[in-house]
Q: 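Got a structure here, written out as structure tokens. Questions coming.
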Amino acid sequence: MTATRDDTPPSRRNRAVREPGFADLVVGFVGSVLVCIGSFGVGDIARNSTVAQDLGLSAIAYGHGKTLFGSIFWLGVATMVIAWVRLGRRLGTDRSALSVRTFGWGIVGWAAPLAVAVPVYSRDVYAYLGQGALFREGFDPYADGPAHLPGPLLDSMAQVWATTTAPYGPLFVGLTRLVTEITGDHVILGVYAIRLILLPGLLLALWAIPRLAEHFGASPQTGLWLALANPMVLIHLVAGSHVELLMMGVLVAGVALVVTGRHVPGLVVLGLAVSIKVTAGIAIPFVVWIWLSHIRARRRVEPVDVARVFASVVGITVAVFAVCTAVLGLGLGWLTGLGWADRIINWFTLPTLAGHIVTLIAAPFTALNLQPVLGVTRAVGMVVLAIVLVGLWWSHRRDERSAMAGMVWAMLAVLLLEPSTLPWYYTWVLCLAVAFTLPPWVRAIVVGVSTFMLIVFQPDDSILFYKLPEVLLATALSLLAAISLTRRDPLRLRRAVDWFRGSPDIPDEADRSTTSGA
């Protein structure tokens with residue numbers, strides 16, 4: 001019998017498996033599964049719920065059971081960070097290491113276990129449900145806090161927010177009401193329903209980020225790596241269930257539409273982003289310069305063009321927001337809720353850091369209460385922020401690329417100068433920074449900060465910002481992760497392993513060049 005050669009082309013799945021970096025995607029998926037498993041012991045479990053007892057699993061949430069599941073959780077976090085760093089190092093030397101399609105499916109694979117995890121790092125998802133239930137029962141979440149409606153949802157949320165009003169836009173508040181109309185006061189069903197309305201943000205980002213990166217000549221794979229494969233983003237936004245997941249996807253989709261010339265649809269989408277969370281509005285003024293630069297590429301810009309573009313940008317976004325507000329029927333009460341962010345105190349924004357430094361310097365001479373000092377430093381920070389935002393907008397009017405850079409810098413300025421910031425806020429910058437080819441040292445900083453934010457914020461909603469040993473350990477691990485992005489085996493563990501096994505020393509590249517040149 002004559003053997004015949006198989007000319008059947010390999011399937012798409014087989015091609016994906018053979019792509020460089022696919023093994024790292026598998027490692028990251030394993031880490032995500034471990035995070036999911038561990039979350040059932042150390043996450044923000046719904047309070048006053050008997051589900052764990054009914055299933056015979058209550059022992060995993062305390063004592064030795066909690067210790068075991070905590071170890072599984074942190075092993076999963078470390079595994080995801082290692083896989084992420086390896087992917088980033090590979091993409092740094094080979095921009096085509098993974099196809100966009102394979103990388104996108106890999107990110108979906110990482111997110112899938114997190115979508116069924118117990119909420120971690122924050123109890124905000126319970127606050128969303130509490131505000132939605134409040135609205136369902138006829139209260140105004142922009143004027144009344146969840147404390148007006150005692151029950152399992154109120155019990156499970158962080159009590160610091162029990163008396164505060166909702167700071168979210170009308171579209172998101174309406175969605176939370178819809179969820180509680182369906183799930184009632186059932187906490188666990190409510191959590192998974194909230195995730196269902198947030199996960200489209202991930203899908204929108206998977207669509208928009210490669211397009212935004214390609215439009216500006218950046219690597220779409222590196223963009224996906226920076227903003228979506230980032231374990232801080234996935235764990236905080238998917239497992240933590242934050243509104244930023246939805247806002248990020250809608251925001252970057254709107255910007256992607258605008259830069260590709262679909263200005264009106266893009267502005268409609270950006271108006272929806274503002275209706276989810278007002279921070280998205282920082283991007284809208286820069287659309288003026290992008291639109292004008294597109295006109296300039298075809299012909300000379302006339303004064304009537306400037307007037308028309310200004311009117312369109314303002315009119316479309318205001319109209320979309322107005323429709324969402326009218327449908328909700330609660331007016332602009334969300335403005336009051338924006339002030340509650342002052343209750344969050346951590347030294348990761350410049351005004352709060354300045355307040356800590358002032359009280360520390362004054363300590364040998366007089367006892368200054370931190371709160372009044374923060375009132376001053378944060379007020380100064382808001383003034384500086386307003387000036388910086390106007391300056392960035394005006395100075396980045398030259399062309400499309402300049403306007404995009406101004407948009408990114410403006411989002412970063414908000415993070416640094418607002419009263420407080422939280423890890424999931426960094427998605428505002430990351431999802432837009434994908435438009436640029438960032439130098440290795442910037443990507444290393446992203447890795448370091450992301451790793452730090454996964455450690456000092458704990459899965460049970462506690463914070464280690466003011467515990468020096470833990471902060472030093474987090475800093476050391478974050479530096480190790482950052483250095484590992486640009487340098488393989490920074491601890492020289494390979495040499496120790498080779499020595500233990502009796503293997504001959506293998507010189508580094510620098511040693512080889514020295515030897516060859518001798």
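Basis for what follows: all heavy atoms, side chains included, without hydrogens, waters or symmetry-related copies.
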Q: Identify the heavy atoms of A229 and I107 that sit nearest to each other, and give their distance.
A: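 So the two residues come closest at N-CD1, 4.0 Å.
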
Q: If you measure only the distance, is there a donor-acceptor pair under 3.5 Å linking the side chains of S478 and T475?
A: no

Q: Rounded to the nearest 0.5 Å, how far does OG of S32 lie from CG of L114?
A: 3.5 Å

Q: Hey, what do you get for CG (L237) to CE (M247), rounding to the nearest 0.5 Å?
A: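 The CE atom of M247 is 9.5 Å from CG of L237, to the nearest 0.5 Å.
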
Q: Where do V255 and H215 land on the side chain to side chain contact (heavy atoms under 4.5 Å, CB included) test, with the steps shown first?
A: CA-CA 11 Å; V255 173; H215 181 79; over 6 Å; no

Q: Side chains of T176 and L129: does their closest heavy-atom pair fall under 4.5 Å?
A: no

Q: With the side chain counted from C-beta on, respond yes when M407 and I282 share a heavy-atom pair under 4.5 Å apart, and no when they do not.
A: no

Q: Looking at every heavy atom in both A158 and D461, which two are closest together, and how far apart are they?
A: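 Residues A158 and D461, closest heavy atoms: CB-OD2, 4.3 Å.
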
Q: Check the angle between the aromatic planes of Y121 and H236 and answer parallel, tilted or perpendicular using the 30° and 60° thresholds.
A: tilted

Q: Should the ring pair H148 and F139 be called parallel, tilted or perpendicular, given that the plane angle runs from 0 to 90° and is split at 30 and 60?
A: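 Rings of H148 and F139: tilted, 30 to 60°.
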
Q: Donor-acceptor check, side chain of S312 to backbone of R308, threshold 3.5 angstrom: yes or no?
A: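 Yes.
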
Q: For the residue pair F73 and V120, establish whether any side-chain heavy-atom pair is separated by less than 4.5 Å.
A: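 Heavy-atom side-chain distance check passes, below 4.5 Å.
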
Q: Determine, stepwise, if the pair F452 / L477 fulfils side chain to side chain contact (heavy atoms under 4.5 Å, CB included).
A: CA-CA 8 Å; F452 186 80; L477 293 174; over 6 Å; no

Q: Can you name the closest pair of heavy atoms from L267 and V313 and give their distance?
A: CD1-CA, 3.8 Å

Q: Is there a donor-acceptor contact under 3.5 Å from the side chain of R136 to the main chain of R177?
A: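 No; zero donor-acceptor contacts below 3.5 Å.
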
Q: Any side-chain heavy atom of W84 sitting closer than 4.5 Å to one from S450?
A: yes

Q: Measuring from W74:CH2 to I455:CD1, what's the distance to the nearest 0.5 Å?
A: 6.5 Å

Q: Hey, does the side chain of T359 reach the backbone of G355 with a donor-acceptor pair shorter than 3.5 angstrom?
A: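 Yes: the side chain of T359 pairs with the backbone of G355.
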
Q: Hey, could you give me the CG/CG distance between N230 and L454, rounded to the nearest 0.5 Å?
A: 7.5 Å

Q: Please check this pair: side chain of T352 against backbone of T349, looking for a donor-acceptor N/O pair closer than 3.5 Å.
A: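 Such a contact is absent between T352 side chain and T349 backbone.
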
Q: Looking at every heavy atom in both L226 and A433, which two are closest together, and how far apart are they?
A: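 What the structure gives for the nearest pair is CD2-CB, 4.3 Å.
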
Q: For the pair Y142 (side chain) and Y168 (backbone), establish whether a donor and an acceptor sit closer than 3.5 Å, ignoring hydrogens and angles.
A: yes

Q: Any salt bridge between R123 and D460, counting N to O under 4.0 Å?
A: no

Q: Evaluate the side chain to side chain contact (heavy atoms under 4.5 Å, CB included) criterion for residues N346 and V456: first the C-alpha distance (whole Å), next the side-chain angles of each, then the deciding distance (0.1 Å), finally the verdict.
A: CA-CA 11 Å; N346 59 55; V456 293; over 6 Å; no

Q: Would you mind reporting whether E400 and V259 have side-chain heavy atoms less than 4.5 Å apart?
A: yes

Q: Roughly how far apart are L389 CG and W409 CH2, rounded to 0.5 Å?
A: 13.5 Å

Q: Any side-chain heavy atom of L228 sitting closer than 4.5 Å to one from M248?
A: yes

Q: Over 60° means perpendicular and under 30° means parallel, so tell me whether Y425 and W428 are parallel, tilted or perpendicular.
A: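 The arrangement is parallel - the two ring planes meet at less than 30°.
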
Q: Set out, in order, the CA-CA distance, both residues' side-chain angles and the distance that settles side chain to side chain contact (heavy atoms under 4.5 Å, CB included) for L149 and L154, then state yes or no.
A: CA-CA 7 Å; L149 191 64; L154 177 64; over 6 Å; no

Q: So, the side chain of Q159 versus the backbone of M157: is there a donor-acceptor pair under 3.5 Å, distance only?
A: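 Looks like yes, one N/O pair under 3.5 Å.
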
Q: Determine, using ring centers only, whether W289 and F286 are less than 6.0 Å apart.
A: no

Q: So, R195 side chain and V238 main chain: donor-acceptor pair closer than 3.5 Å or not?
A: yes

Q: Hey, is the main chain of D44 close enough, under 3.5 Å, to the side chain of Y126 for a donor-acceptor pair?
A: yes

Q: Is the closest side-chain heavy-atom distance between F465 and E470 below 4.5 Å?
A: no

Q: Where does the angle between the aromatic ring planes of W291 and H263 fall among parallel (under 30°), tilted (30 to 60°) and perpendicular (over 60°)?
A: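 Answer is parallel, since the angle falls under 30°.
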
Q: For the backbone of V314 and the side chain of T317, can you confirm whether one donor and one acceptor N or O come within less than 3.5 Å of each other?
A: yes

Q: Using every non-hydrogen atom in the two residues, find where G381 and P351 come nearest and quote the distance to one decimal.
A: CA-CG, 3.9 Å

Q: Students often mix this up, so state it plainly: with edges at 30° and 60°, are the rings of W393 and F310 parallel, tilted or perpendicular?
A: perpendicular

Q: Does R397 make a cation-pi contact with W394 (under 6.0 Å, within 45 degrees of the axis)?
A: yes

Q: Any side-chain heavy-atom pair from L422 and F457 closer than 4.5 angstrom?
A: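 Yes, side chains in contact.
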
Q: Between T180 (side chain) and G132 (backbone), is there a donor-acceptor pair under 3.5 Å?
A: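 Between the backbone of G132 and the side chain of T180 there is a qualifying donor-acceptor contact (under 3.5 Å).
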
Q: Quick check: closest heavy atoms across A435 and F216, and the distance to 0.1 Å?
A: O-CB, 3.1 Å

Q: Would you compute the distance between atom CG of L350 and atom CG of L415 and round it to the nearest 0.5 angstrom?
A: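 So the gap between those two atoms works out to 10.5 Å.
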
